[in-house]
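Let me begin by presenting the structure, written as C-alpha cells, before commenting on it.
Worth knowing before you read on, the calculation uses all heavy atoms, side chains too, and leaves out hydrogens, waters and symmetry mates.
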Amino acid sequence: MANTTAGSKNIAASGKVLRVRTATLADIPAIAALSKRVYTGTGIDPYSRAELRGQLNNFAEGKFAVTLDEEIVGYCATFRVSGEVCLRPHSWASITANGYGTRHDPEGEWLYGMEVCVDSSVRGYRIGQRLYNARKKLCEELGLKGIVFVGRLPSLARRIKKYGTAENYLDAVVNQRTRDPVLSFQLRNDFEVIDLMPNYLVDDKDSMGYGVHLVWHNPKVETAANVAHTKRHGGRQPDTVRVGTVQYMQRRVTSFVEFMSFIEYFVDVVADYKGDFVVFPELITLQLLSIEDQELTPIQSIEALTKYTPRYVEAMQDLAVRYNINIIGGSHPTRVANGRVENISYVFHRDGRVDEQAKIHPTPNEVYWWNIEGGNELQVIDTDCGPIGVLICYDSEFPELGRHLVDQGAEILFVPFCTDERQSYMRVRYSCQARAVENQVYVVMSGNVGNLPNVANMDIQYAQSCILTPCDFHFARDGIAADTTPNVETVAIADLRPESLRIARNSGTVQNLRDRRHDLYQMKWRGN
C-alpha cells in the first residue's frame, strides 16, 4: 500500500530536523497513531500494534521511519521475498500475512514494499521520495534483484465513469494523458508496470480494490530483465553525487517573494533531476537591493540586506527540506552578533539543518564598498553525501584553504563566485582547476550574470559556471565534468563519483596527496 494526503506544516519555521532512520520497536505506538491518521476514511484498517510488532521482529532493517525531531511523520515497511512469490498475482493479505510480515524470506532475492504512509501535515516535503530512496539504498546494499510492490489508485473510483474501466485509467496514466497522485509519482521513480491486479486490497474503496503491480530493477545487479526493461536515458547511476550549478541572472525584482520565486525555480529544476546539491552564486542576495527605487549608500545597503537575513535563511531552509535537496545558498553579506559584517555562505541541508561558512579573504572591493571583514574559521561541513567545503570566490585563489579542507576530509569544494569581467573570472577558474588537481578533489563553481544598475558594485557580471575534476583517467578528458555557455542563465549538472577520487588518490597516474613531502613542508592552521 502507499498513501500520501494533503497538509501544510512549515518545517523550516519550526526549526525542527527531518531525518530518515531505521524504525524500532519503541516507535510502534507512534507508527500505529500515524497509520490511523492516514487511513481514516479510506476503508482501510490502520495497523494494530501487534501487526507492527510482527513487521519489525521479522525484518527490522527493512522498516524506516521519518522523524521531525522526535515526531514520526512517515513510515515504510519492506521484507525479502522470492520472485516466485512476488512476481505472480497475489493479494495484499496473502503476501504480507495479513500485515504481520511473516512471509519474510531471509534468502529472498527481491525486496517487497508492503507499506508507505505519510502524515498529511508534511505533504510537500518529499517524504515519500525519501522513503523510496531508503528502500532503493537497502536493496542495493543487500545485492537484491530489485523492488516489487503493488500501489494504490486512489483516484480510480471518482474517475471510473470517465475512463470506463480500470485498465483504461491505468493506460491513460502510464501514457501521461492524465495524472494519478500515487502512480505518477511511482513511475517518475523508475518503477515499471507489470500488470493490474484486481482484488488486491478489497477494503480500498478509492482504488476499487485494484492495485498496480510494479517493479524496479537494481542497476547494480545486471540481468537479462534489467537490459530488457530498465530505462537508461536520464537514469541515475549508483554511488554518485549529483550536483547542479546555477548560473544565475541578476535582474531587478520588486519584492522578496519575487526573488524567492526565481530561486525556487532553479531548486525545483535540479531536484527534478534528482540532484543532491544545487549551488547558487556569491552575493546573490544583492538582488534584493534592486527593490529600492534609488541607489543606496554602502552603509544603507548592508542595513537593508541585514533585515532580510532571517527571511532568507528560513525560506531557503524550507526549500531544502521541501524539495529534498542540499542547497549551497551562494553568499549573503550579514551583520553578525559582534557587529562585524561578513560575507557568509549558508549551507541548507535537506534534513533542515543550516551551516555557515564565512569568506576568509574579502576582496578590496568588498572592503571598500561594504566594509566586509574576513572570517576566522574554515571547517568541513558533514552532509548526507559526505564531507564538503565552501570557498567563496577569492578564497579559492589561496591554495592553503583548499588543502586545509581536504585534509579534513572534503571531497567536493563548492565555490560560489561573483566576477565583473573575464580576467577576474579566469583568476577564479584557473585557481579552482588547480585546487582540483593538487588536492584530487571535485570543485563546483557557480556565478552571476546580468546586471543591477542601481546596486553599487554589481554593475556588470561575467561567469562561466562549471564542475571541475582532477585530471586523470578516471575523470573527464579535460578535467571538466560540466560547463556552461558564458553569460547566459542556465544550469549545469554532473554526477560525481567519490570512489573515483579514492582510486585516483591511491593508485592514480600521479598521487598528489600521498606524495607530499611532509618532511620538508607543512600547512599549519592557526584559526579555529
Side-chain angles (χ1 to χ4, degrees), residues 279-286 298-299 301-303 305-310 312-313 316-317 326-349 353-383 386-419 424 427-428 431-432 434-436 438-439 441 443-447 457 513 516 518 521-528:
V279 191
F280 289 96
E282 179 188 24
L283 298 176
I284 192 171
T285 57
L286 263 67
I299 296 300
S301 297
I302 290 300
E303 293 307 318
L305 281 178
T306 298
K307 72 180 182 181
Y308 288 111
T309 301
Y312 169 70
V313 171
M316 294 291 279
Q317 183 184 18
N326 300 303
I327 302 175
I328 311 298
S331 76
H332 173 63
T334 305
R335 190 174 296 282
V336 296
N338 61 9
R340 292 159 47 99
V341 177
E342 296 182 354
N343 188 1
I344 294 177
S345 178
Y346 293 90
V347 177
F348 304 94
H349 300 260
R353 292 178 293 128
V354 181
D355 280 301
E356 301 178 10
Q357 177 59 61
K359 191 172 186 177
I360 305 298
H361 298 93
T363 62
N365 269 345
E366 289 174 90
V367 175
Y368 174 79
W369 287 103
W370 302 302
N371 196 29
I372 287 177
E373 299 184 59
N376 297 314
E377 297 186 10
L378 184 66
Q379 299 178 358
V380 294
I381 296 170
D382 292 319
T383 75
I388 66 164
V390 177
L391 296 175
I392 303 174
C393 198
Y394 193 29
D395 284 346
S396 68
E397 300 179 32
F398 296 83
E400 298 88 350
L401 300 190
R403 180 56 51 84
H404 182 55
L405 288 170
V406 171
D407 279 344
Q408 295 177 68
E411 296 179 331
I412 306 174
L413 301 181
F414 291 100
V415 181
F417 71 94
C418 181
T419 50
S424 301
R427 286 196 298 270
V428 179
S431 295
C432 286
R435 302 297 84 82
E438 69 198 12
N439 294 298
V441 68
V443 181
V444 183
M445 298 176 58
S446 176
N457 204 35
L513 290 181
R516 285 179 292 171
H518 296 285
Y521 56 86
Q522 64 176 326
M523 201 279 293
K524 186 174 182 179
W525 184 261
R526 300 185 186 278
N528 295 324

*Between His404 and Gln408, does any side-chain donor sit less than 3.5 Å from a side-chain acceptor?*
yes

_Pairs satisfying salt bridge (charged side-chain N to carboxylate O under 4.0 Å, His left out), at least one member in residues 326-340, at least two apart_ = Glu303-Arg335, Arg340-Glu342, Arg340-Glu373

*asked:* When you measure from the side chain of Glu366 to the backbone of Gly374, do you find a donor-acceptor pair of N or O atoms at a distance under 3.5 Å?
replied: no

*Heavy atoms, side chains only, cut-off 4.5 Å: are Glu356 and Ser345 in contact?*
no

*Kindly compute the distance separating CD (Glu282) from CE (Met445), expressed to the nearest 0.5 Å.*
11.0 Å

*Do you know the tightest heavy-atom contact between Ile284 and Gly329?*
CG2-O, 4.0 Å

*Do Leu413 and Leu405 touch side chain to side chain, with heavy atoms closer than 4.5 Å?*
yes

*asked:* Could you report the tightest heavy-atom contact between Val428 and Cys393, atom names first, then the distance?
replied: CG2-SG, 4.1 Å

*Is the shortest heavy-atom distance from the side chain of Ile392 to the side chain of Asn343 under 4.5 Å?*
yes

*Distance (rounded to the nearest 0.5 Å) between Leu401 CG and Ser431 OG*: 11.0 Å

*Could you tell me how the ring of Tyr346 sits relative to the ring of Phe348: parallel (under 30°), tilted (30 to 60°) or perpendicular (over 60°)?*
parallel

_Derivation of the side-chain contact (heavy atoms from CB on, under 4.5 Å) call for Asp382 and Asp355_ = CA-CA 9 Å; Asp382 292 319; Asp355 280 301; over 6 Å; no

*Quick one: does Asp395's side chain have a donor or acceptor within less than 3.5 Å of a partner on His361's backbone?*
yes

*Looking at Ser396 and Arg435, what are the two nearest heavy atoms and their distance?*
O-NH1, 2.7 Å

*asked:* Once side-chain contact (heavy atoms from CB on, under 4.5 Å) is applied, do any residues pair with Thr285, and if so which ones, sequence neighbours excluded?
replied: Phe259, Leu288, Leu305, Tyr312, His332, Pro333

*Taking side chain to side chain donor-acceptor pair (under 3.5 Å) as the test, write out the residues that go with Asp407, two or more places apart.*
Arg516

*asked:* If I take atom OG1 from residue Thr383 and atom NE2 from residue His349, how far apart are they, to the nearest 0.5 angstrom?
replied: 7.0 Å

*Straight-line distance of Lys359 NZ to Ile372 CD1, nearest 0.5 Å*: 7.5 Å

